[in-house]
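Below is one structure, written out as C-alpha cells, with a few remarks after it.
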Amino acid sequence: MSHPPPFGLMAEFDEAETMTAAVRTARAAGWTRLEAYSPYPVPEAAEALGVSAAPVGYIAMAAAAAGAAISAGAAWYVSVHLYPVNVGGRPPNAWPVFLPTTYLVAILWACAAALIGMLALNGLPRLHHPAFFARGFHRASEDRFFLFLSAEDPLYDEDGAAHFLRGLAPLRVSEVRSE
Amino acid sequence: MAQIFTTQADARLRLALIVGAALVLLIGAAVFAYVRSGNAWAIGRPAAQPIPFSHAVHAGDLGLDCRFCHAGVERRTDAGMPSAETCLGCHERVWNVTAQFAPLRAAIARRAAVEWSSVSRLPDHARFDHAAHSQAGVTCESCHGKVQEMPRTARAETLSMGFCLDCHRNPAAGTQPAAAPAVRPHGLQSLRYEHYGVEVSPLTRCSTCHR
Amino acid sequence: MSDITAPVAEAALRPGAWGFRIAVLLCAAGILLLGISVSAVLVAGIGVWGNNIPHVWGFDLIAYAWWIGIANAASLFAAILVLRRHGLRTAVNRFAEAAALAAILAAALYPILHLGRPWLFHWTLAYPHRAGLWPQFGSPLVWDFWGIMSHVIVTSLFWFIGLIPDLATMRDRAAARGRIRAARAYGLFALGWRGSVTHWHRHQAAYRLVAAMVLPLLLWAQTVVALEFATTLVPAWHQARLPLHVVVTGLPSGLGVVLALAAVLRMALSLERFVDDADMDLLARLLACAGLAAGLAYAHELLVGFLEEDETTRAALSARVLGAGAPAYWGAVLLGALLPQVLWFAGLRSRAAVVVPVGILAAAGVWLDRWSIVVDGLLRDHLPTMSRGYTPSPAEWGLLGGTVALFAMVLLLFGRMIPAVSMFETRHEESETEAEEEER
Amino acid sequence: MSDRTGPRRGPDPAAEPPQPAALASAPQAALERRDALRLMGASLALASLAGCDDVPEHGHPLHAPARAADAAAASAEYATVLEMDGLSRGVVVRTRNGHAVKLEGNPRHPASLGATDIFAEAAVLSLHDPHRSRRIRRDGRPVPTAMLQDALANMRAELAPRGGRGLRILTGPVSSPTLGRVMGQVLAAFPEARWHQHDPLADDAALEGAMRAFGRPATAVPEMGRARTVLCLGADPLGTMPGHLRHARDWIGARRAGRAPRLIVAEAALSLSGARADHRIPLHPAEAEPFARAVAAALGVEGLAAGGQHPAAAEVASALAAAGPEALVIAGHGSAALHALAHAMNRRLGSSALRLLPHPLARPEPMGASLATLAAEMAAGEVTHCLIFGANPAYDAPAALGFEAALRKLPFALHLGFRQDETARLCSWHVPLPHPLEAWGDSRAFDGTPAIRQPATVPLVEEAWGEVELLSVLLGASVTARAAVEASWRAAWGEEGFDARWAGALEEGIAGDPPTPLELPLGANWDRPSPLLPSGLAAVFAPDSGTRGGAEAHEAWLQEMPRPLTKITWGNAALMAPATAAEFGLSPGDEVELSLGGRSLLAPFWPMPGHAPGCVTLPLGGGRRAGGPVGEGRGFDAYALRPADGAWVAPGLSLRPTGRKAPLVTTDSHHRIDSSEAIRTVAPGEALPQPERDASLYKDWPYPGHAWGMAIDLDACIGCNACALACQAENNVPVVGPLAVSQGREMHWLRVDRYHHGPEENPAASFQPVPCMHCEQAPCEPVCPVNATLHDHEGLNVMVYPRCIGTRTCSNNCPYKVRRFNWSDHRRFLDTPARNPDVSLRPRGVMEKCTYCVHRITTARSAASTEGRALQDGEVETACQRACPTRAITFGDINDPESDVSRARQGGRHYAMLGQLGTRPRTTYLARVATDTEDAP
C-alpha cells in the first residue's frame, strides 16, 4: 500500500475562539493556503482569513439588472415591434404596466443568482473532498472546529507544519491524505 | 473519517447536471420545431377523394386554368369545388372511364354535390375570403402550393396562423404586383395607420380573419 | 455541545410512530379527495363549481388569496427573523419556511385549475407561440403569474439555502451510524457542504440577501394578488387601500398557522428545549399584534369607506358590512382581529389548548375576509340587474379540503425527513449566548 | 336519401312507395329505437345535401335571377309568412345549403315592416326540433302511410252515405283562403259534418262586441300613427295584439315625428303597452266595464244601457274629447260589452285613427262556444269521426269543459299536428304536420292582407301531411298543397298574367292589398251590460309572454328568454300586486295553492309592481304534459282553472300559501322598485348635458376607416325581447336550461334590463337592451393575460375564442357585465343545420360576448371591396337592429357624420351608460322622454 501524497494537515479544536486565534496566528506566521471549518458561521475567522462575501452581492445585482432588462425588453419588443395591438386604448409601449413583472423577474433572478453564485464561488457542489478524510471531520458539522494547512503552501513541510499546529493547542493534529 | 462519495461522484453529478440541462433545452427545441413542421400540419398527406383526381394531369399537363373548376375564386368567399356536371362535361367525351366516375353520376342522381375532401380546410373560427385575396394579387400557389405537380392533391403549407400572419404583415412579398394594384382602393391594406410612431396594419387585426 | 444536534436530528431519523402513520393516512385520504376534485374540474370543466356571471371567481380565488396570505405572512416572518438575527429564528424559522412552502404549493394549484382551459396556462408565458401571439404584459394576471412563480422559487431557495448546512449535519450523522444510503441522499442535497469558514461567509451573505429580497417580493406578490381585484372597476374592489389591506389582514393567518404548527411540532417531536416557552410566548404575542394590525385595517376600511368614498363605493361597502355580507365580514373581524387579542393574557397564551385553536381560527378568519372581498364584494355592482348569488359546490369544498390535506402532508413529511429546527442557527445562537455569559 | 329530395310524398297513393311490411309488425321498442336514431340523425344527414332549389315543391328565392348561379352553394332568401293566432306576419328566411338558418322580418309585409317578434325568430328552432313528430302513428305506433290512406278511404266510404253525419273537423283559427275554400268543399260534400275552430287565445269577446255594435264580424284595426290620444282598455297594442309589430312601428313613428300619441292604458297586469304608457290606470277586471261606461258617459255616448263610476274616468274622457277625431279607444281582453263600448266611443269621437275591416279569418266564430258545442256533442255520442288539425284542445281547452274525457271516448280521432302533444296521445291516429317553413299555404294578416306561404327549406319530415292534402283525400281527389294554393289564387286572379302575379307574390311576400275599410253604422241595442263580477280575489288569464298559450312552450329559446316584465324563465308564476301579496304574507317565490270552481293548482308567486290589487294574473301556456322535454312540466297549467267558456277573468279565486318555496327560475335579482343611473329620462325637448370627452394621458387610437357604433333609443324600446332572440338565433347562442339559469349562467349576448321607477302601486317601466358596449377604453382588455380580447382597427372589442384560456377576469372588469362564459360545452347541441355557419361555435371554458355581428361586417366589407366600392351606411345591419319593431337600435359608422348612428348621437338625448367610468362605450343610449307618470329629472 503506497502512500499518496499528503493533502495537508488538520488541527481540531473544540472552541470557535481557539480556532479563530489559531487562524490569526497562522496568517501572522505567513501561511497563505489555509482554511478553517466550523459547524456554524464564525465571521471573525472569516475576517481573519481575509474572505470577502461581496462578490455574492455583485453577482446578484448583475443578475437582477439582466433579468429586469430582459423582462422589460421582451415586453417592449413584443408590444411595440412583434405584434402591436390596441389593448383597451393603451399605447403600444405602455411601459408603466410592464414594471410589475420587471420588478418580480429582477428579484427572482437576484435570488437565483445569489444561490448559484454562492455555490460557484464556494466550488460547490463537491461531493468528494480530501477534507472528509480528516479524522473526526464528521463533527465539523456538529460541534468541532478545524484549521487546515494545505500541502501546497510554500511554507509547508510535514514536520514544520505539524509542529506549528501543535503549538496552537489543538485537541488533535492529523494528516489529511489527498486520495 | 471515510468519504461518503467516491472521486467519480462529482464527475457524475456534473455530467448529470449538464445532461439534464441539455435535455431540457433539446426537448424545448424539438417541440418548438415540431409544432412548426409540416408533419404537425399534415403537409404532403393527400386526403381520400371520391375519385382519383390528379391536379398534375389537369392543371399541369392539360394546363387548365384554376378558375375552370374553382369558379368562385375571384368573386366569392368560397372558391367553389367543381360539380359533377363540370367534370362530366369533358369526361363524357374524353377518358370516359365509367367505373371511376360512378361517384359523380351518383351525385347527379341524388342532386347533391360531389363530396370532395378539402385538404386546405381552415378551422371554424377562421374566415378566408378567396375573392379578397385573389383580387389583392395573392396567387393560388402561395397557399395551395404547386398543385400542377401533384398527382394526389395534398396540403402544401401549414396554413397556421403564423403562416397567414407572415403574409399579412408583409403583403408585398406574397403578391404579384402585376396582377393587382399595389393597394386596392377599398381594401384593408389602404387603411394602415400610425399610433405613437408604431405602424399598425388592419390586416393583422383579429376580426380581419376571425369570426 | 453535540446534545444540541442529537434530539433534532434524531427526530428526523427515527422510525415513524403510530400517530404519524395515522396522520399520513388521513392526509392521503384528503389528497385523494383533492385528486377527485381536480379530475372533476379537468374533465367536466369549471361548470362543476358554483360560479356564474358576475361571480366568475369564488372558492378558487378565495382559497388562492388565503393560501398566498398564509405563505406570505410565514415567509415574511421568517425573513425578518433572519435579517434581524432574532433569537426566535432558531426556534421557528424552519417551520415558518416550510409552512410557507407548503402553503404556496397549495396556492399554486388554483391559478391553473381555475382557468376555463387549464391545459393552456402556459400561454401566459412569453415564449414564441406558433400562432405568433404573445401574452399581454399589462394584465395583473401576468403579473400574478410571475408573482406566484417567483414566490414559489424564491421561497424554495430561501428554505433550501438555510437547509444546506443542516443537510450536511444529517449526512454526517447518518454516515456515523453507518446508514450510508441515507447519508448519500442527504449528502447529495447538501452539495458536499463541509463547513468551510469561507463557505459559511458567502453562505451567510447569500442567505441574508435572499431574506432581504423575500421582503419586497412577498409584499409585491401579495400586492399583485390584490391588484387583480383593485385594478377592476368593481366598486368594492377598486380601491388603492386593497393591497395594504390584503397584506395586513393576511398576517394573522400566516402567524396563526406558524404558531399552531410550532405548538403541535414541539409536542409531537419533543423539541421543547429548542422551541422553548419564551419562544412560544413571543410568537403568541406576535399573533396578537398581527390581529391588532388587522383590526386597524378593518377600522381604516370602515372609516375611509363610509366617510370618504363616493356613493357607489359606500353602497358596496355597506352591503358587505351591514347587508347580506355581514356574517362573513364580522366573522373575519372577530376571528382574524379580535380573537388573537386573548393572547395578551399570559395565562392563556401558555396553553397549547388555547394557542392552537386561536392560531387556526385566526387563519379561518382570514379566509372569511377573502370571502367577504371576493364574493360579497359583488353584492353591489354598477348595474343592479346583473347581481346574482353564489353557492359553492361540493367540488369546490373538496378542493379546499384537499389543499388543506396537501398542506398538512407536506408538513408531515417535512417533520419526518428534515430537521424541524435550524440546527446550525441553534448552535450559533447557543454559542453566542455562552459567550455572552462568559463575558458576564 | 333520393326519395327525400324527389317530389315530397303527397297524399297520392300511386306515388307512395310501399313500406316494408316488417316495419308495421316490428316490436314497439325496436321501432322507438329506430325512431330515436332517426330523430337525431335526420337533421344532420340532411345537412350534406347541397342546394335543392330545383325541387318542384321548394319555394322561390328572393332576387332569383341575380343569385341563380350561386344559389346552390351559398345562401338564398325566401319571403314567406308565419302565423300567430291564425294571422300572418311576413318574414324573410335566410337559408344555407337549403336549410333555414335565420328569419328576419319582411319589410313589405304590413304586419312586419321588416321587424320580427320572438315567436317568428324561434321558428328556425322548431323547424329543426329533434322532438317534432316525424311518423304517422296509430295508437302511438308508427305505421306506414298506406295504412293511413286506407283508414281515410274507409272513413270516406263510411261517412259518404250518411252525408258526413258524425264527422267533426276541429282546426285552429283559419285565415287561409285555400284552407277555407277546401273546408267549404268538404262541408258541401258532407253536409252533416261540422267545422269547429279552437284557439285558447282567441278573443271571442271582440267578435261578440263587433256583432253587437255592427251586426257583423268586423275588426277594428287601430292606426297608432294617426292618433293623438289612445285609450287601451286592457288592450296591449305594443305587445300581444294582432299586428303588434305594425302598431309598435306606427306608435314610435309618430313619437319620433313629435306627434307622440298619448297612450292611456287601463289594465290589470302590467303589459308592454302599460309599461310604456304615458298614463296608466291599474284596473281590477271588475272595474273595467264601469270605468269604460264612465268614460263613455262623459264623452256623451248615446245608447248606454247602464252607467259606471271611476275616479279616473273624467280626466281620461276629457283627454279623449280634446283629441276628437284623433282619439282612439282600443279594447282588449275583457267582456263583449267592453268591446262594444269601445266601438261606440270611437264612433262618438269620430275617430279617424282606425280602420274597420272585415274579419281576416275565413270563418269568424266565437271559438269558446264552438269548442263547447263540440265537447257537448262528443260527450253525447253524436260524433264518430273527429279530425283535429293543428289544435291541441286536450291541453289548452279549459279543464272545466271536460274535452279530454270526451275525446278519449271517440272511436276515430285523427290528430294532424306538429308534435305528439297531449291531443295526439288521446287520438287513435296521429299524422305529422309540416313546419310552416316547409310547406305551401296561404294566410291573411291582421288587416286582411293576403300572402302566400312558400317552403323555404328542405323538408325534414318525409311523412308530413298538410291540412289541405289530408282533406283532399277525404274529398276523393288528391291534390298537393301547392296545387291547392295555386288553384285558389288562379280563381281569385284569373288566368291572365297569373304566372307573373304569382311570381311577384312570392318575391314580395304579399299577395294583394288589405280589403277596403267598411262603413258600418252602430246598431241599435248595442249595449248589453255584463253581469257584475262578485267581489273577492279574481283570476285573470293572460297569454304568457314567452310561451303564449302553450303552443310555443317547446321552443327552448322562448322558454329561456326572460319574460320582459317579470324576468321569469322556464315557467310561469302567479302574478300579483305587492300589496295583495303582503295581505297573504307572501314573499317572491313562495308556493301558493290556487282554487277555483272546485279545481286547484300549485303555483309560485311572483310580485308585479303596478298590478291591480285584488286579482291574480295566471299566465297560460305552462305545465305542458306532452310534446317534448323542453316544454313538459315547465310551470303550472292555468287552463286547469279557466272557466268552461274560456273567459279571461274568473271571480271567486281562493289563494292559500303552502309555506313552501316553489322552484322558479328568474334572472331578476332586484324584483323591487329600483331605478338606476343607467336609465336617463329627459323632459320632451330637453337636451342632456353632453360631457366633455374625458381627458386621458394617452393619445386616442386612430380609427381611420370605419368606426362602428350603436345607438339604442330607450324611448323607442318596448322591451319585446326580439333583439335578444334575434341575437341568439344569429350568433348560435346556446340554451343552458333552467338549472344553469338559476345558477346565473344564462348566455344571452344581449339582455334587456328592466327598471321600475315610481310608486310600487303604479310604476313606470323602462327597458334597456344591453349588448357589449365595445368601449374604446375597454376595461376587459388590459386584464386579459393572453391578449384574447382586443380592439380591432374599426373599434370593435373583439373576443378571440381560440386564444381564451378562461380566467374570466374580463368579466370581472366589465362594469356592464355583458360577457358570458361557457361553463360547459354547448357545441354538440348547437352543431346542427340550424346553426349560423358564419359564426363559430365556442368551446367549453372560454368567454364570449356580442361581436356587433362582426361576421356581417366582414361579409359586407369583403363584398364592397371585391366590387371596388366603399361600404354604404345601412349596408351592415346587426341582427338585433334588424329585428327591432320600433327601430330603436341604429348601427353604423360614427366616423361618417351623415350616418344614421352619427345623427342619433348628435341629438340631445345621447348619453353613455356609466359614462363616468371613462370607458368611452361605442354603444350608447338615447334617453327616454318623460311621460306624465314619471318625473323628468
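Chain A is the first sequence line, chain B the second, and so forth, proteins listed ahead of strands; every chain is numbered from 1.
Most heavy-atom pairs under 4.5 Å with chain A: of the set C:Gln136, C:Gln204, C:His199, C:Met213, this distinction falls to C:His199. Ranked by non-hydrogen atom pairs under 4.5 Å with chain C, the options A:Val87, A:Leu104, A:Asn122 are led by A:Asn122. Per-residue counts of heavy-atom pairs under 4.5 Å with chain C were compared for A:Val42, A:Leu99, A:Val85, A:Leu115; the largest is that of A:Leu115. Put simply, of A:Pro41, A:Pro125, A:Cys111, the one with the most heavy-atom pairs under 4.5 Å next to chain C is A:Pro41. Here A:Ala36 is the residue among A:Ala46, A:Ala36, A:Ala140 with the most heavy-atom pairs under 4.5 Å with chain C. Among the candidates A:Leu49, A:Leu121, A:Ile59, the residue making the largest number of heavy-atom pairs closer than 4.5 Å to chain C is A:Leu121.
For C:Phe145, no part lies under 4.5 angstrom from a heavy atom of chain A. For A:Ser79, the part sitting under 4.5 Å from any heavy atom of chain C is the side chain, from C-beta outward, and nothing else. Within the 4.5 angstrom heavy-atom criterion, only side-chain atoms of A:Arg90, from C-beta onward, approach chain C. For a residue to count as touching a neighbouring chain, one of its non-hydrogen atoms must lie under 4.5 Å from one of that chain's; by this rule C:Leu227 does not touch chain A. Contacts between A:Leu82 and chain C at a heavy-atom distance below 4.5 Å involve the side chain alone, from C-beta outward. Neither the backbone nor the side chain of A:Phe146 has a heavy atom closer than 4.5 Å to any heavy atom of chain C. When heavy atoms are compared at a cutoff of 4.5 Å, C:Leu157 approaches chain A solely by way of its side chain, counted from C-beta outward. Both the backbone and the side chain of C:Pro216 come within less than 4.5 Å of a heavy atom of chain A. Interface residue A:Ser52: only backbone heavy atoms are found under 4.5 Å from chain C. Contacts of A:Ala112 with chain C are made by both backbone and side-chain atoms, with heavy-atom separations under 4.5 Å. Interface residue A:Ala75: backbone and side-chain heavy atoms are both found under 4.5 Å from chain C. In this structure, the portion of A:Leu119 lying under 4.5 Å from any heavy atom of chain C is its side chain and not its backbone. A:Leu127 touches chain C through backbone and side chain together, each having a heavy atom under 4.5 Å away.
The nearest pair of heavy atoms linking C:Gly132 to A:Tyr83 is O-CD1, 3.3 Å. C:Ala205 and A:Ala53 make their closest contact through CB-CB, 3.5 Å (heavy atoms, listed as atom of the first residue, atom of the second, distance). The two residues A:Ala114 and C:Ala206 come nearest to each other via the heavy atoms O-CB, 3.7 Å. Shown here for A:Gly57 and C:Leu209, the closest heavy-atom pair between the two residues is CA-CD1, 3.9 Å. Here the shortest heavy-atom pairing between C:Val197 and A:Met19 reads CG2-CE, 4.1 Å.
Side-chain atoms of C:Arg194 never come within 3.5 Å of backbone atoms of A:Ala131 as a donor-acceptor pair (strictly under, hydrogens ignored). Between the side chain of C:Trp200 and the main chain of A:Ser38, a donor-acceptor pair closer than 3.5 Å is present. Looking only at distances, no side-chain donor or acceptor of A:Thr101 sits under 3.5 Å from a matching main-chain atom of C:Trp143.
With contacts defined as side-chain heavy-atom distances shorter than 4.5 Å, the pair A:Val105/C:Trp146 qualifies. By the 4.5 Å heavy-atom criterion applied to side chains, A:Val78 and C:Phe137 are counted as neighbours.
Under the 3.5 Å distance criterion, with hydrogens and angles disregarded, a donor-acceptor pair is assigned to the side chains of C:Thr198 and A:Glu35.
Heavy atoms from other residues, nucleotides or ligands lying under 6.0 Å from CD of A:Glu47 number 12 at most. Around NE2 of A:His163, the count of heavy atoms belonging to other residues, nucleotides or ligands within 6.0 Å does not exceed 12. The local environment of NE2 in C:His382 is crowded, with over 12 non-hydrogen atoms from other residues, nucleotides or ligands closer than 6.0 Å.
Here A:His129 contributes atom NE2 and C:Ser196 contributes atom OG; the two are 8.5 Å apart, rounded to the nearest 0.5 Å. In this structure, CZ on A:Phe137 lies 8.0 Å from CG on C:Asp172, to the nearest 0.5 angstrom.
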